[in-house]
Amino acid sequence: MKKIIVSTTLACMLLATPISAQTVQLTDIDGHWGKAAIEWGLQKEMVKGYDNGTFQPNKTVTEAEFLAMVLQFFPNSKEQIQILNQEGRSKSHWSDDFYEVAKQFNLPFNSQRDRAINRGQVARLISATMGKNFADSDDAVRYLLVNQLSKGKKSPTVEGYEPSSNLTRAEALQFLRNIYIAKGGNLGEMKDNPSSEIDSYEVRKQYQEFLGSDFPKGIDGKLKSASKAVVPPKGYSQEEFEKLTTEAYQLMKQTVVSNGKVKVFLPKPTKENELVIVSSYDRTNGDEKQYFAPWKKPVPTTAEYTIDNAFMISVCLTKDAESGYVPVVVATYNSAKKTIQVNGMIVEQNVTF
């Protein structure tokens, strides 16, 4: 077993209990899938073992811990951390300086510092360091898979990546090692995460090609792909889900924009616990509205909003479950980008109503 020196720098203290500098023999990484990444992280003095001689590779990592690791990883963000540390400002939480620098780079975080970070959040964060602002964590996962920044947890697919699983210590190091390898050992500078969200069309196209399947052609092909982009909620067969996906698109195509008003057509719930949620967002003034239907029968066929200039409007058929509202299918029209999305996938572009 390789012997390591446990340093006492802040970067190394993030994922282990601080102890005085000494040589430790780790006892729990032989045979672990992440051994190479762990030894790499130890060699780079990014982490350290515990004083009982273990590394605990399967222990979860908090948002603050992983954010700190990432910011210590890139030279330019590390420099900003050092500058703040030298200022000696008082802190309410050990990670205050890291969150301050994260804001400077516009990195996405939930401010749930001491809660375990999941792999979907990690995908968004890593993509952001590459200058890719994905609103949808699944698109961020696709980006990582396509660019060889992850091989997934069980398989190189969105599902196999397991976005909802919490990040472990070994996985955290594997992600950083993947970045290091992808950049040929020359990290360069962390990029500023742009304020505007990236169009998901291109990364989804690349993902389909990555999986070895042709990117769907035509509306029918794209709708079929959109129906397979997410797992149908419990209680819905694949056939039912494909039908609802097609209907969502067809209803969105009937949208009417006239005299400063937007009228959208609503799906008719097919199950007793279904309802429809319509959300609108005025991109000009930030005005948001939400409409729940049906509150009562008969089910309304349309919803109308007064919205000026550029806007986004989404119609979501949801399932009323014990855990809250579970999305079934979602259709969205973005008047600025002139796109219709179904289940988060762009199925038609250059649409003007």
Side-chain angles (χ1 to χ4, degrees), residues 32-34 36-37 57-58 60-61 66 108 116-130 132-182 197-218 220-242 244-246 248-249 326-330 332 341-347:
H32 192 276
W33 67 265
N58 297 324
T60 58
V61 177
F66 187 67
I117 187 172
N118 67 44
R119 291 168 56 86
Q121 293 172 278
V122 167
R124 288 193 65 215
L125 184 56
I126 292 177
S127 299
T129 68
M130 306 293 172
K132 305 294 183 182
N133 183 359
F134 291 105
D136 187 334
S137 61
D138 282 358
D139 286 330
V141 170
R142 293 182 180 99
Y143 176 82
L144 297 192
L145 295 173
V146 167
N147 290 280
Q148 305 296 309
L149 295 173
S150 174
K151 294 182 179 179
K153 194 175 179 78
K154 291 185 177 178
S155 66
T157 64
V158 172
E159 294 77 14
Y161 175 93
E162 295 193 0
S164 61
S165 295
N166 289 334
L167 182 74
T168 67
R169 283 161 57 82
E171 290 171 347
L173 289 174
Q174 186 65 60
F175 275 118
L176 297 182
R177 184 169 181 252
N178 289 346
I179 296 173
Y180 186 81
I181 293 172
E197 296 171 0
I198 193 170
D199 192 336
S200 61
Y201 179 84
E202 189 61 32
V203 75
R204 294 190 180 203
K205 177 180 179 180
Q206 293 172 348
Y207 178 67
Q208 291 294 328
E209 293 170 348
F210 170 77
L211 294 180
S213 58
D214 293 332
F215 193 61
K217 307 297 183 182
D220 290 342
K222 290 176 182 178
L223 288 173
K224 185 174 287 292
S225 183
S227 71
K228 295 179 179 179
V230 295
V231 178
K234 186 177 180 180
Y236 294 82
S237 68
Q238 187 63 48
E239 184 179 0
E240 286 177 310
F241 193 61
E242 288 183 10
L244 289 171
T245 299
T246 300
Y249 165 75
V326 178
V328 180
V329 291
V330 184
T332 303
Q341 296 186 29
V342 182
N343 299 337
M345 178 177 178
I346 295 178
V347 296

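Every value quoted in this text rests on a predicted model; they were computed, and no experiment measured them.
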- Shortest non-hydrogen contact between K222 and V347, atoms and distance: CD-O, 3.4 Å
- Query: Any donor-acceptor pair under 3.5 Å linking the side chain of Q121 with the backbone of N118?
  - Reply: yes
- Item | Shortest non-hydrogen separation from S137 to A123 and the atoms involved | O-CB, 4.3 Å
- Measure the spacing between CG of L223 and OG1 of T246 and express it to the nearest 0.5 Å. 5.0 Å
- Message: Quick check for you: to the nearest 0.5 Å, what is the distance between T245 atom OG1 and K224 atom NZ?
- Response: 10.0 Å
- Query: Just by distance, do the side chain of Y161 and the backbone of R119 share a donor-acceptor pair under 3.5 Å?
  - Reply: yes
- Minimum heavy-atom separation for N178 to L149, with atom names? ND2-O, 2.9 Å
- For residues N166 and T60, report the shortest heavy-atom separation together with the two atoms involved. CB-CG2, 3.9 Å
- Side chain R204, main chain G344, donor-acceptor under 3.5 Å: yes
- Query: Would you say W33 and E171 make side-chain contact, with heavy atoms under 4.5 Å?
  - Reply: yes
- Message: Apply side chain to side chain contact (heavy atoms under 4.5 Å, CB included) to residues Y143 and I198 and explain how you reach the verdict.
- Response: CA-CA 11 Å; Y143 176 82; I198 193 170; over 6 Å; no
- Item | NZ-OG distance between K132 and S127, expressed to the nearest 0.5 angstrom | 9.5 Å
- Do the side chain of R124 and the main chain of F134 share a donor and acceptor less than 3.5 angstrom apart? yes
- Would L244 and V328 satisfy side chain to side chain contact (heavy atoms under 4.5 Å, CB included), going step by step from the backbone distance to the final call? CA-CA 9 Å; L244 289 171; V328 180; 3.9 Å; yes
- Query: D139 and S200: which non-hydrogen atoms are nearest, and at how many Å?
  - Reply: OD2-CB, 3.0 Å
- Query: Would S227 and Q238 count as a side chain to side chain contact (heavy atoms under 4.5 Å, CB included) if you check the C-alpha gap in whole Å, the side-chain angles of each, and the deciding distance to 0.1 Å?
  - Reply: CA-CA 8 Å; S227 71; Q238 187 63 48; 4.0 Å; yes
- Task: First locate atom CG of L144, then atom OH of Y207, and finally report the distance between them rounded to the nearest 0.5 Å.
- Result: 11.5 Å
- What distance separates R142 CZ from Q208 CD, expressed to the nearest 0.5 Å? 8.0 Å
- Out of curiosity, D138 CG to N343 CG, how far, rounded to the nearest 0.5 Å? 11.0 Å
- Query: How close do L145 and S150 get, heavy atom to heavy atom, and via which atoms?
  - Reply: CD2-O, 3.5 Å
